[in-house]
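Can you read through this structure? Questions will come right after.
Please read all numbers here as calculations on a predicted model, not as lab measurements. Order of the sequence lines sets the chain letters (A, B, ...), proteins ahead of strands, with each chain counted from 1.
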Number of protein chains: 2
Amino acid sequence: MSENASDSPDLAPSDTASDDRTADAQADGFARVRAAHENEMAEDYVELIAELIEATGEARPVDMAERLGVKPPTVTKNLSRLTRDGLVKRERYRSIFLTEEGENLARACRERHRTVVSFLMALGIEEEVAQRDAEGIEHHVSGDTLRAFEVFLQKNS
Amino acid sequence: MSENASDSPDLAPSDTASDDRTADAQADGFARVRAAHENEMAEDYVELIAELIEATGEARPVDMAERLGVKPPTVTKNLSRLTRDGLVKRERYRSIFLTEEGENLARACRERHRTVVSFLMALGIEEEVAQRDAEGIEHHVSGDTLRAFEVFLQKNS
DNA sequence: TAGATATATTAGCCAGGGCTAACTTTACAA
DNA sequence: TTGTAAAGTTAGCCCTGGCTAATATATCTA
Ligand SMILES: [Mn+2]
Ligand SMILES: [Mn+2]
Ligand SMILES: [Mn+2]
Ligand SMILES: [Mn+2]
């Protein structure tokens, strides 16, 4: 059934150039992207909750909805998922808090977000654009790449 | 109902620092990420179809599934969506072709993918990691940012 | 403090993109 | 050429994360 890992049976390696990765390596890349997408909602939400608490003293669904650009029922539903997953704790009709785990995730995400934005700006990109692009890019930056961004930032003041 | 765009009623601007973007700007960022996600499947599929045709002469669902790391029925379903959306043309049980529109999209995506990978590698990241991260990052790179990547690549040979 | 307004939740809908199991069609090899 | 193996499709399931409409609760204000 599942063949040997080394494919390309009788074809010279790097025949037509382009993408000479093995099918497995490519599949792994796509799998990681799908995994990243599964964490994306959680990361953006805890990040936003932490920001709102810091900025205004509390995190309310209505404010989250406004900043996320979605309707309040969407926030309610997603908050239930985050509560189920142990990142958020709350009581009905009351404002939102992060669990210890949620706070840790929020801290890491905010740091990473800032790094990505700073990196893009160091590259000469305008802040508005940097913020927009970072919102998506941040979830796909591996530890290695994040470190490379930091190194670049140190070298470029 | 919907208030004036300028919020933060009686609070000094940049009070607690951190994220001083307006709620609207932030919502716009999230909206763009959601829009990018809607195109992601299409972009990866047409890119892969073009690669397979170039490398092996034809694009077969079974090979797409292997390289995407998904099961064949998933490919079938998604190909139907792409056909519906005018990017792919095919006959049942036969291999896959791109429409003119699909080819244009594939060309742009392959170019962008290569630029992102090259950029990350120019930053000192190992090829495997660059390929993996690029698979996700590529979909969130605006025209401005892509140009900045290209400028960086020219400056750094 | 009572009524109006703002906020939050619930219920129910939808599309996307995964999956398995079962079936159909094609391709290959004896 | 025929029968089996490989490939492709269909049906039906799941979860995510959007939405609207209706309802419940909290908050504010007169
Ligand atoms: Mn984000
Ligand atoms: Mn973020
Ligand atoms: Mn991709
Ligand atoms: Mn790609």
Side-chain angles (χ1 to χ4, degrees), chain A residues 1-3 7 9 23 27 30-46 48-49 52 56-85 87-88 90-97 135-136 139, chain B residues 1-3 7 9 23 27 30-46 48-49 52 56-85 87-88 90-97 135-136 139:
Chain A
M1 299 296 169
S2 62
E3 293 202 8
D7 283 299
F30 285 117
R32 280 168 191 266
V33 174
R34 287 192 296 269
H37 285 159
E38 282 179 14
N39 300 325
E40 213 166 311
M41 185 275 287
E43 292 176 353
D44 287 334
Y45 273 55
V46 298
L48 179 55
I49 290 165
L52 284 171
T56 74
E58 67 174 349
R60 299 189 310 164
V62 67
D63 296 322
M64 293 187 63
E66 188 190 9
R67 283 174 171 70
L68 290 164
V70 300
K71 300 296 178 184
T74 299
V75 172
T76 295
K77 187 185 288 192
N78 286 334
L79 286 174
S80 297
R81 288 171 182 157
L82 298 181
T83 303
R84 176 197 67 188
D85 296 343
L87 295 170
V88 156
R90 61 181 317 216
E91 292 162 56
R92 208 185 269 176
Y93 292 102
R94 313 242 62 121
S95 71
I96 302 148
F97 298 92
E135 198 55 75
H139 308 282
Chain B
M1 299 296 171
S2 62
E3 296 200 2
D7 285 300
F30 286 117
R32 280 168 191 265
V33 174
R34 287 192 295 270
H37 285 161
E38 281 178 16
N39 300 326
E40 213 167 308
M41 183 275 288
E43 293 176 353
D44 288 333
Y45 273 56
V46 299
L48 179 55
I49 290 165
L52 284 171
T56 74
E58 66 174 346
R60 299 189 309 162
V62 67
D63 296 322
M64 294 187 64
E66 188 190 10
R67 283 175 170 70
L68 290 165
V70 299
K71 301 296 178 184
T74 300
V75 173
T76 295
K77 187 186 287 190
N78 285 334
L79 286 174
S80 298
R81 288 172 183 153
L82 298 181
T83 303
R84 177 198 66 190
D85 297 342
L87 295 170
V88 156
R90 61 183 313 221
E91 292 162 56
R92 207 186 268 178
Y93 293 100
R94 314 243 61 126
S95 70
I96 303 147
F97 298 92
E135 198 54 74
H139 309 281

Among I96(B), L52(B), V75(B), side-chain contact (heavy atoms from CB on, under 4.5 Å) partner for D63(B): L52(B)
Nearest-nucleotide pick for V70(A), side chain only, options being dT9(C), dG18(D), dA21(C): dG18(D)
Length of the CD-P vector between E38(B) and dC14(C), whole Å: 18 Å
Worked check of side chain to side chain contact (heavy atoms under 4.5 Å, CB included) between N78(A) and R81(A): CA-CA 5 Å; N78(A) 286 334; R81(A) 288 171 182 157; 3.0 Å; yes
Separation of atom CD in E58(B) from atom C1' in dT26(C), rounded to whole Å: 12 Å
Atom-pair distance (CZ on F30(A); C1' on dG18(C)), nearest Å: 15 Å
Distance, rounded to the nearest Å, where M64(B) contributes CE and dT9(D) contributes C1': 15 Å
Interatomic spacing from OG1 in T83(A) to CD in E91(A) - rounded to 0.5 Å: 11.5 Å
Selection from dG8(D), dG17(D), dG18(C) that lies nearest to any side-chain heavy atom of K77(A): dG17(D)
d(CD, E40(A); P, dG17(D)) in whole Å: 9 Å
Which nucleotide in dA21(C), dT9(C), dG17(C) has an atom nearest any side-chain atom of M41(B): dG17(C)
Check: dG17(C) base within 3.5 Å donor-acceptor of R81(B) side chain: yes
Nearest listed nucleotide, side chain of R60(B), among dA7(D), dC19(D), dT20(C): dA7(D)
d(CG, D85(B); P, dG16(C)) in whole Å: 8 Å
Spacing of L82(A) atom CG relative to dT16(D) atom C1', expressed in whole Å: 12 Å
Side-chain N,O (R34(A)) to OP1/OP2 (dG16(C)) below 4.0 Å: no
V33(B) vs H139(A), side chain to side chain contact (heavy atoms under 4.5 Å, CB included): CA-CA, chis, key distance, verdict: CA-CA 11 Å; V33(B) 174; H139(A) 308 282; 5.7 Å; no
Between dA22(C) (P) and K71(B) (NZ): distance, integer Å: 16 Å
T74(A) side-chain proximity, nearest of dA24(D), dG18(D), dT9(D): dG18(D)
First of G69(A) and A59(B) reached from the 5' end of DNA chain D, by closest nucleotide: A59(B)
Presence of R90(B) side-chain N/O under 4.0 Å of dT9(D) phosphate oxygens OP1/OP2: yes
side-chain contact (heavy atoms from CB on, under 4.5 Å) partner of Y45(B), chosen from L68(B), L87(B), V88(B): L68(B)
Closest listed nucleotide, where the reference is the side chain of N78(A) and the choices are dA24(D), dT9(D), dG18(D): dG18(D)
R94(B) side-chain N/O to dA7(D) phosphate OP1/OP2 under 4.0 Å: no
Nearest listed nucleotide, side chain of P61(A), among dT9(C), dT27(D), dT20(D): dT9(C)
